[in-house]
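This report refers to the structure that appears directly beneath it.
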Amino acid sequence: MAHSTSPRFYRDALGKKLSGICSGFAKRHNLPVWLTRLAVIILFLNAPILVAAGYLICHFVFDEGIVV
């Protein structure tokens, strides 16, 4: 099991492309950022309304954090 550097979810302020959701998720779970972004794009192509709604909810709920 991978150990995370942060005990909570956050939006990454440094590695963001849009709002930092994918980057924060990748750092939280010790995954490559490109892999999480690719997964979100593939999921978006299959269920665009669900993924867009989830992304927007995460954008407004998660705090913006800077973890190096």
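This chain uses plain numbering: 1 for the first residue, then up along the sequence.
When all heavy atoms of V33 and S23 are compared, the pair lying nearest together is CG1-CA, 4.1 Å.
Taking Ile, Leu, Val, Met, Phe, Trp and Tyr as hydrophobic and joining them when side-chain heavy atoms fall under 4.5 Å apart, one finds V51 in a cluster with V40, L43, F44. Under a 4.5 Å side-chain heavy-atom cut-off, the cluster of Ile, Leu, Val, Met, Phe, Trp and Tyr residues that includes I42 is completed by W34, L35, L38.
Applying the 6.0 Å contact sphere to CD1 of I49 captures no more than 12 heavy atoms from other residues, nucleotides or ligands.
Taking NZ of K27 as the reference point, atom OG1 of T36 lies at 11.0 Å (rounded to 0.5 Å).
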